[in-house]
Amino acid sequence: MAQKLAIQGPISKKNLSLPKEGWDLERIEAELEDLRNLDHTRWEDGRVSGAVYHGGSELLEMQTQAIGKFSVANPIHPDVFPGVRKMEAEIVAMILNAFNGPDDGAGVTTSGGTESIIMACLAAREKAAAERGITSPEITAHAAFFKAANYFKIKLHLVSCPAPEYKASVPEIRRLINRNTVLLVASAPNYPHGIVDDIPRISALATEHGIPLHVDCCLGSLIIAFLKKSGFPSPYEKEGGFDFRQPGVTSISVDTHKYAFAPKGSSVLLYRNRSYRNYQYFLLPDWTGGAYASPSMAGSRPGSLIAGSWATLMRIGEAGYINSCQQIVGAAKKFETTILTNPVLNSHIGIIGHPLASVIAFTSRNNELETYDIADAMDARGWHLNSLQSPPAIHCAFTLPTAEAIDSLISDLIEVITELSLRIEERKESGDQSVHQSGKSAVLYGVGGSIADMNTVSQFAEGFLDTLYKV
Ligand SMILES: *Cc1c(COP(=O)(O)O)cnc(C)c1O
């Protein structure tokens, strides 16, 4: 969730009903320009963790052209828009290839990581119902997937991710597997800490029990796929990797709108073979409107985004992804190394686990310096890093823009921590015993853990979503 949301005043006025007559083109252009320039956290200057993964103007222009050429296209009508069908099939094939898919591998494109995960859970539930008669489906997962579980009434089991590695506990997964288990889940890497789970061992569990295993590479995207070719350590390379090379892995979600730099609204869900994919299809052979078949949640889908994604993959190519992986993971490594070796940083903050890709999470190492105070102070300097909870931590998902701003990120963090620790020293010297006021990040990400607190957070979150729809 965004840390702050300024509901901006109207540029001209609030539009609460359709204009009587349509606006002229100049007016539309001018208003769109104003809307784009509303005061915002500057992703353009590399100050936002995640969110905008590439942002290069030449690429954006090419995407806009590709989207423009296909703005009416809808893959629900493959006979009307055969080009979109071809591009979608090729996107799936290219991503499948990057994740070492087998020759008979399959996949679909979706609107994003959430839809990819939801469809993977649905397909697993349907498969277990059809083949094993499972009526009380359960997923063994260590995080996320709550939405799919909630929508599809699948029981979700959580496992802990114990320090110091912060990987999903494999013994706990083993203990939780039962006859109703329809899917195991692993992350490569997870969102909070950028940690890749022990996929070889979880794959062995999946094979042993004959249960599908989904690997969430939504965030890993083409960064994780190209680590090895970019000269970085790739997870579990000696033990057969993290993708379809592991025999137990049956599906992988890959957000093309993250580190494949495709326009927003683009993800790919890969399956080991068609027999897994077919369980997510929706078929209505006797519908009055004609025999109906739809591969995923949406009916009509934007062909323009398929065109934008296809053009992006073709434009950047393997060499381009290797190059951006080197820049992004290079920046993440520089950040990690600086935290581990700079005396100011090292004495106050520590890295969570051993991240291998683009996300680095850190937390305060002493109980006087509040992690959320660091987040607030960075916020005041125009940075938007992500605050995490249980335990309190901050992460930065490096992107091409943030990679370029790595040196000012590091120098600002050193300054912020120096200032905060000076203030703590001053308070101690003056004998100030007053209760320390936590910053607004802490309020927002309230970590009390009691049910009452979580209710408050839920109410706040509900209000936040409502606010998004205020004109
Ligand atoms: C982003 C992300 C998702 C969800 O993706 P959306 O594209 O935001 O729907 C799922 N898993 C991980 C690890 C992610 O980072």
Side-chain angles (χ1 to χ4, degrees), residues 1-2 43 48-54 91 95 99 107-122 139 141-151 156 158-159 161 166-168 183-197 199 202 213-225 227 235 242-243 249 251-270 296-298 301-302 305-306 308-309 312 328-329 332 352-353 355-361 384-388 393 395-399 402 461 465 468:
M1 194 189 302
W43 68 263
V48 178
S49 158
V52 178
Y53 291 81
H54 189 291
I91 291 170
I95 301 298
F99 283 82
V108 294
T109 71
T110 71
S111 64
T114 302
E115 189 184 347
S116 290
I117 286 171
I118 284 178
M119 296 321 298
C121 292
L122 177 69
I139 287 178
H142 77 289
F145 293 78
F146 291 85
K147 203 168 180 176
N150 190 349
Y151 284 3
L156 188 66
L158 302 181
V159 304
C161 300
Y166 295 87
K167 294 177 182 178
L183 182 68
L184 306 184
V185 174
S187 302
N190 66 22
Y191 168 81
H193 307 138
I195 303 295
V196 179
D197 289 325
I199 293 166
I202 302 174
L213 167 60
H214 179 83
V215 178
D216 179 358
C217 291
C218 280
L219 184 58
S221 190
L222 289 189
I223 287 271
I224 193 113
L227 278 177
F242 59 90
D243 55 24
V249 174
S251 58
I252 301 180
S253 47
V254 182
D255 284 0
T256 30
H257 69 194
K258 289 181 182 158
Y259 293 106
F261 312 128
K264 276 287 175 278
S266 161
S267 173
V268 175
L269 172 57
L270 304 171
S296 48
M297 294 281 277
R301 294 182 294 133
L305 289 182
I306 291 172
S309 303
T312 306
I328 291 167
V329 179
I352 295 195
L356 287 183
S358 60
V359 174
I360 307 289
H384 179 99
L385 307 179
N386 301 101
S387 293
L388 315 168
H395 91 197
C396 183
F398 285 90
T399 60
T402 47
L465 291 181
L468 295 182

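Atoms within a ligand are numbered from 1 in the order they appear, just like the ligands themselves. The analysis underlying the following values was restricted to heavy atoms, covering all of them including side chains, and did not include hydrogens, waters or symmetry mates.
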Check: H54 ring centroid to Y259 ring centroid under 6.0 Å: no

Those atoms of ligand 1 less than 4.0 Å from some heavy atom in I117: 10 (C), 11 (N)

For G113, atoms of ligand 1 separated by under 4.0 Å from a heavy atom: 4 (C), 5 (O), 6 (P), 7 (O), 9 (O)

Per-atom contacts, ligand 1 versus H257 - under 4.0 Å to a heavy atom: 7 (O)

Side chain H395, main chain A361, donor-acceptor under 3.5 Å: no

Donor on one side chain, acceptor on other, S187 and D216, under 3.5 Å: no

Rounded distance (nearest 0.5 Å) linking atom CG of N190 with atom OH of Y166: 11.5 Å

Atom indices of ligand 1, in the order listed, that fall short of 4.0 Å to a heavy atom of D216: 10 (C), 11 (N), 12 (C), 13 (C)

Region of T114 that comes within reach of ligand 1 [heavy atoms, distance under 4.0 Å]: both

N or O pair under 3.5 Å between N190 and ligand 1: no

Side chain to side chain contact (heavy atoms under 4.5 Å, CB included) assessment of S111 paired with M297: CA-CA 9 Å; S111 64; M297 294 281 277; over 6 Å; no

Check: S267/D255 side-chain N/O donor and acceptor closer than 3.5 Å: yes

contact_flag E115 ligand 1 heavy-atom lt 4.0 Å: no

